[in-house]
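Chain identifiers are assigned alphabetically (A, B, ...) following the order of the sequence lines, protein sequences preceding nucleic acid strands; residue numbering begins at 1 within each chain.
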Amino acid sequence: MKLEELSASLRTLYAQYGYRPYKMSKFEEYELYSGNREFLLSDNIITFTDTDGKLMALKPDVTLSIIKNTDVDVRAGATEKLFYSENVYRVPKGAEGFREIMQTGLECIGGVDGYCVAEVLLLAAESLRAAGRRFVLDVGLPGLLAEVAARVTPDPEVQGQLLKCAAEKSLHGIDAVAAGIAAGASGSASGAVNAAALEALKTLSCLYGTPEETLGEAERVAAGLGLAGELAELKNVLAALAETPAKDDIRIDFSVAGGRNYYSGIAFKGYVEGVPERVLSGGGYDRLVARFIPGAKAIGFAVYLDTLERLMTPDTVQDGDVLLVYENGSPAEVLRKVQQLAAAGLKVKAVRAAEAAKYLTRYGRILNMGTDPALNTGTDPASGFGAADTGRAGEGGGGK
Amino acid sequence: MSEDRYLNVALPKGRLGEKVYAAFEKAGYPCPEVMENSRKLVFENPDAGVRYFWVKPSDVAIYVERGAADLGAAGKDILLEYAPDVYELVDLGLGKCRMAVAAPENYRDDPERTLRVATKFPNIARNYYADRGRDIDIIRLNGSIELAPVLGLSDVIMDIVETGTTLRENHLAVVDTVLPISARLIANKSGYRFKNREIRRLAAAISEAITAVSMTAAAKTAAATEAKIQL
């Protein structure tokens with residue numbers, strides 16, 4: 001499968017669930033991004049000045065454009081469901097410069113209810129399934145982890161450090177930060193650590209597995225801090241998905257959002273075996289959408305198609321079906337033969353004999369204008385082999 | 001990225017890597033070939049389901065982040081400098097040292113001047129001084145950092161200090177400890193999901209092996225102290 005085919009099958013999938021395609025311009029006013037930096041994956045943005053002096057940016061993100069340009073009548077309970085397939089421009093983590101990144105995804109904005117959340121999670125799982133490999137969809141609650149960190153210490157800076165360690169599944173890191181608080185290293189006045197909350201943070205950040213394996217433990221830990229209610233939405237969504245194929249693909253990972261401020265409610269990430277990084281990322285983003293559409297809720301995800309590139313099989317190992325070698329034939333005669341072959345549905349390249357050598361392994365069949373009987377008997381040169389019959393099966397070609 | 005059932009482990013070449021391998025061996029993941037002098041690049045033990053390879057210490061995090069290795073052992077200095085997107089599962093407690101700021105013995109800081117800092121760790125230095133609101137000029141070097149203040153190339157250095165002998169020999173002294181350093185067991189985020197049981201089992205076994213070693217060492221120290229007292 002090629003990336004374009006995968007992208008097309010995802011677009012079909014989203015359309016089947018009532019999502020409308022959304023097409024946007026390659027650039028937006030820079031202000032849109034500068035005012036919402038905390039919601040962007042990377043700080044680097046390509047900017048340029050438009051003819052009217054406005055500072056513009058090549059879009060590093062799709063979600064902001066969609067929510068800025070979408071009108072949803074929240075009071076009437078309306079919900080807008082949109083999908084996109086766009087290229088974005090940003091510096092991926094660890095990369096040396098800007099890259100054009102192919103991204104497909106969807107957004108559900110407005111009166112988002114339990115059904116919408118379950119539908120988005122189902123579509124996320126089906127998007128991963130489309131890649132044709134083993135995969136998992138990890139679901140977490142960044143709000144719960146943040147709340148537990150807030151119980152450990154009132155200092156927001158230290159909470160950030162704790163959440164960073166939780167995102168790295170670094171228990172020794174959490175202990176070191178806690179030891180720092182106790183020693184007054186952070187400058188916090190009290191220096192006291194809530195030991196129960198600290199243990200809860202450690203347990204939740206390392207919990208990983210199917211809902212059956214993990215939710216009981218999570219509930220026990222959350223209840224210990226009076227936070228059991230935080231799990232209600234997650235449990236409802238999992239119950240809604242219990243009858244779908246997605247139920248076997250979901251894993252619980254409370255550290256999944258990586259300590260980022262972006263998501264509210266449920267956050268999730270998708271991993272496909274054979275790809276070293278996340279392939280899909282999403283979640284609720286009520287805080288962001290409320291800046292543009294008061295009262296609205298939102299949830300969505302992006303599939304980072306570029307990460308799947310290496311899994312895709314190449315289109316063909318050969319450049320074409322027929323290599324037509326000519327030496328002294330008249331241009332009209334060569335053109336006639338090429339037209340005949342092309343009309344028969346074959347991919348044909350005409351080359352002079354002197355340069356034919358370098359193409360020999362890249363084409364299924366070689367025909368010589370001067371000597372090949374198929375070309376000189378006046379019969380149809382395309383007869384006897386079709387597009388699928390390359391005549392060189394098993395030789396591998398390997399021209400690409 | 002590997003999809004086999006082996007756990008692929010990137011070991012840092014050198015003394016630290018040998019200690020790390022010893023911990024893996026103790027934890028039940030032996031592959032004696034690893035310690036033999038050979039031209040082989042990859043070492044496997046099918047019974048333990050583990051595959052080792054030696055890489056340059058500063059490259060371990062890259063192998064793990066990019067999924068060529070499921071696990072690796074990297075110094076906290078490397079993890080802070082390159083900030084790879086990996087899990088940091090266990091503090092191995094090996095290769096202990098500290099990141100420190102050192103200056104000539106008679107050095108007096110003038111806060112009104114831009115501080116010239118020679119280092120192999122520009123990101124750690126930038127973050128450390130940004131937290132303190134200090135304007136610095138980073139001089140990135142690849143080795144012989146101690147030479148920089150001696151020749152007037154920099155005011156201070158930020159580097160790893162183990163025993164402090166090199167500093168003393170060059171009439172330098174630690175003026176501030178940035179953070180303690182030790183080797184950490186790191187894991188690829190995708191590998192952690194698809195080989196979850198295997199990775200967690202290994203991390204727990206390593207943790208246990210390390211604790212046992214440090215407890216034995218502590219017991220020996222205590223016994224030695226007791227013996228001295230009795231003498």
Side-chain angles (χ1 to χ4, degrees), chain A residues 41 92-95 128 133-139 157 161 164-177 179-180 185-187 202 205-210 213-214 249-253 255-256 258-260 269-281 307-308 310-311, chain B residues 1-5 8 61-72 74 76 79-93 123 127 131-132 177-200 203-204 206-207 210-211 214:
Chain A
L41 278 175
K93 202 179 163 301
L128 293 165
R133 299 280 184 113
R134 228 177 123 205
F135 71 94
V136 287
L137 182 65
D138 288 1
V139 181
E157 198 185 321
Q161 293 169 12
K164 186 171 178 295
C165 293
E168 292 169 352
K169 298 196 184 289
S170 169
L171 299 188
H172 54 273
I174 294 176
D175 279 334
V177 174
S186 68
K202 285 162 71 176
S205 59
C206 281
L207 211 52
Y208 186 84
T210 62
E213 290 167 339
T214 52
D249 310 316
I250 289 178
R251 302 287 178 275
I252 301 297
D253 181 359
S255 74
V256 76
R260 287 184 68 221
K269 280 202 170 109
Y271 288 82
V272 170
E273 191 166 39
V275 181
E277 58 185 317
R278 55 92 185 94
V279 163
L280 178 149
S281 180
T307 61
L308 290 165
R310 295 203 169 275
L311 293 185
Chain B
M1 170 136 185
S2 54
E3 285 171 57
D4 54 61
R5 301 328 294 169
N8 294 297
I62 298 170
Y63 277 79
V64 175
E65 184 180 31
R66 297 270 182 161
D70 301 306
L71 294 163
K76 186 65 183 170
L79 298 178
L80 284 172
E81 182 60 26
Y82 298 105
D85 191 16
V86 295
Y87 290 135
E88 191 186 306
L89 300 179
V90 180
D91 181 351
L92 295 169
N123 289 329
N127 292 337
D131 279 352
R132 284 153 186 76
T177 293
V178 179
L179 78 159
I181 304 281
S182 57
R184 312 293 163 98
L185 179 71
I186 57 172
N188 173 267
K189 288 195 164 179
S190 184
Y192 183 83
R193 285 160 169 87
F194 296 106
K195 298 178 184 173
N196 189 264
R197 261 176 242 284
E198 296 90 332
I199 288 179
R200 282 163 68 158
I206 287 269
S207 236
I210 296 279
T211 314
S214 61

Check [X] against [Y] and note the closest heavy-atom contact, atom names and distance.
X: A/Pro276; Y: B/Glu65; result: CB-O, 3.8 Å
X: A/Glu168; Y: B/Val86; result: CG-O, 4.2 Å
X: B/Asn196; Y: A/Tyr208; result: ND2-CD2, 3.2 Å

Nearest-0.5 Å distance, NZ of residue B/Lys189 to NZ of residue A/Lys169:
8.5 Å

Drop me the distance from A/Asp253's CG to B/Tyr192's OH, to the nearest 0.5 angstrom.
7.5 Å

Using heavy-atom distances under 4.5 Å, tell me whether A/Cys165 contacts chain B through its side chain, its backbone, both, or neither.
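Contact with chain B involves no heavy atom of A/Cys165 at all.
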
Flag, side chain of B/Arg184 to backbone of A/Ser170, donor-acceptor distance under 3.5 Å
no

Please confirm whether the backbone N or O of A/Tyr271 pairs with a side-chain atom of B/Ser190, one donor and one acceptor, at under 3.5 Å?
no

Tell me if the CZ atom of B/Arg132 is crowded by more than 12 foreign heavy atoms within 6.0 Å.
yes

More than 12 heavy atoms from other groups under 6.0 Å of OH on B/Tyr87:
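Counting neighbours around OH of B/Tyr87, more than 12 heavy atoms of other residues, nucleotides or ligands fall under 6.0 Å, so yes.
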
Contact leader toward chain B among A/Arg134, A/Arg278, A/His172, where contacts are heavy-atom pairs under 4.5 Å:
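That would be A/His172.
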
Which atoms of B/Pro180 come close to chain A, meaning under 4.5 Å heavy atom to heavy atom: side chain ones, backbone ones, both, or neither?
neither

